[in-house]
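Below: the structure, in structure tokens.
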Amino acid sequence: MKILVCISHVPDTTSKINFAENDTKFDTNGVQFVINPNDEFGLTRAMWFKEKQGANVTVVNVGGAETEPTLRKALAIGADAAIRVNTEAKDGMQVAKELAKVVQDGGYDLVIAGRESIDYNGGMVPGMLAAITGANFVTNCISLEIDGSNATAMREIDGGKETVSTSLPLVIGGQKGLVEESDLRIPNMRGIMMARQKPLNVVEPTNVAADTSAVKFEKPAPKGAVTLVDADNIDELINLLHNEAKAI
């Protein structure tokens, strides 16, 4: 079984976010980047398929050379090879089309993507990728088992969980629950050394034009000061909730 794991190169959630060029571009100065958490759950599940079922695992990213350390980390975790599509990721459809070309050229049976990335939170790419390649699709996936060409997946739905049976080729949008957090892997020294010998192939893009562009970024408004109200002053509390907080 050939597995392709989509890896997004995203800012660490502890990084301080700023914007440049009149708030039209994300300022990467001083920002630490990591594997998108939803993708990391998927990569760990792919490692299970590699160890238990002999699957071959390739990771892929659409981005510039600055994303290669993130791909190298995925190789150190245990992926067999990496692919970088040499173009800036501009919108969901553009990324999905670039990934679709990789999927079609590589003949992958299973594509594991994160449900969404934690930077733009679009949640579009896995579904678009499945539609373009004609693969089956399960999103919000929290469990996945493969038996030959058959797959059983569980996904979160409003108010509960749903178990579905489908077949390969398959694209999933994975999330927390696909593996336990305690099962996530940290690259060890041996893995880091081996990653240097594994192939990281840079492929040229199909030059798909982006359909959307960011006009402006804006940070959330800072939280207001806390107003303390005496426990006996119910009228003042109601007044503040009604006139200031607009909560009632």
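Here the structure is a predicted model, which is why all the values come from computation and not from measurement.
Within the model, atoms OG1 of Thr44 and CG of Asp183 stand 7.5 Å from one another, a figure rounded to the nearest 0.5 Å.
Between Arg155 and Val138, the closest heavy-atom pair is CD-CG1, 3.9 Å. Here the closest heavy-atom approach between residue Asn136 and residue Ser167 is recorded as ND2-O, 2.8 Å. Between Pro37 and Ile118, the shortest heavy-atom contact is CD-CD1, 3.7 Å.
Residue Glu204 places its CD atom among more than 12 non-hydrogen atoms of other residues, nucleotides or ligands, all under 6.0 Å distant. The 12-atom threshold is not exceeded at CD of Glu180, counting heavy atoms of other residues, nucleotides or ligands nearer than 6.0 Å. The environment of Lys2 atom NZ is dense: over 12 non-hydrogen atoms of other residues, nucleotides or ligands sit within 6.0 angstrom. Within a 6.0 Å radius of CG in Asn243, more than 12 heavy atoms belonging to other residues, nucleotides or ligands are found. Within 6.0 Å of NZ in Lys219 there are more than 12 heavy atoms belonging to other residues, nucleotides or ligands. More than 12 heavy atoms of other residues, nucleotides or ligands sit less than 6.0 Å from atom CD of Glu145.
For Phe137, there are no ring-ring contact (aromatic ring centres under 6.0 Å, His included) partners, not counting sequence neighbours. With sequence neighbours excluded, the residues that form a ring-ring contact (aromatic ring centres under 6.0 Å, His included) with Phe19 are Phe217.
Considering Ile3, Thr58, Asn56 as possible partners of Tyr108, the one that fulfils the side chain to side chain contact (heavy atoms under 4.5 Å, CB included) test is Thr58.
Judged by distance alone, with hydrogens and angles left aside, the side-chain atoms of Asn22 form no donor-acceptor pair with the main-chain N or O of Thr24 at under 3.5 Å.
Side-chain contact check for Asn233 versus Asp235: some heavy-atom pair is nearer than 4.5 Å.
In this structure, Tyr120 is not a member of the same hydrophobic cluster as Met93, with clusters built from ILVMFWY side-chain heavy atoms closer than 4.5 Å.
Stacking of Arg45 on the aromatic ring of Phe49 is recorded, both the 6.0 Å distance cut-off and the 45° axial limit being met.
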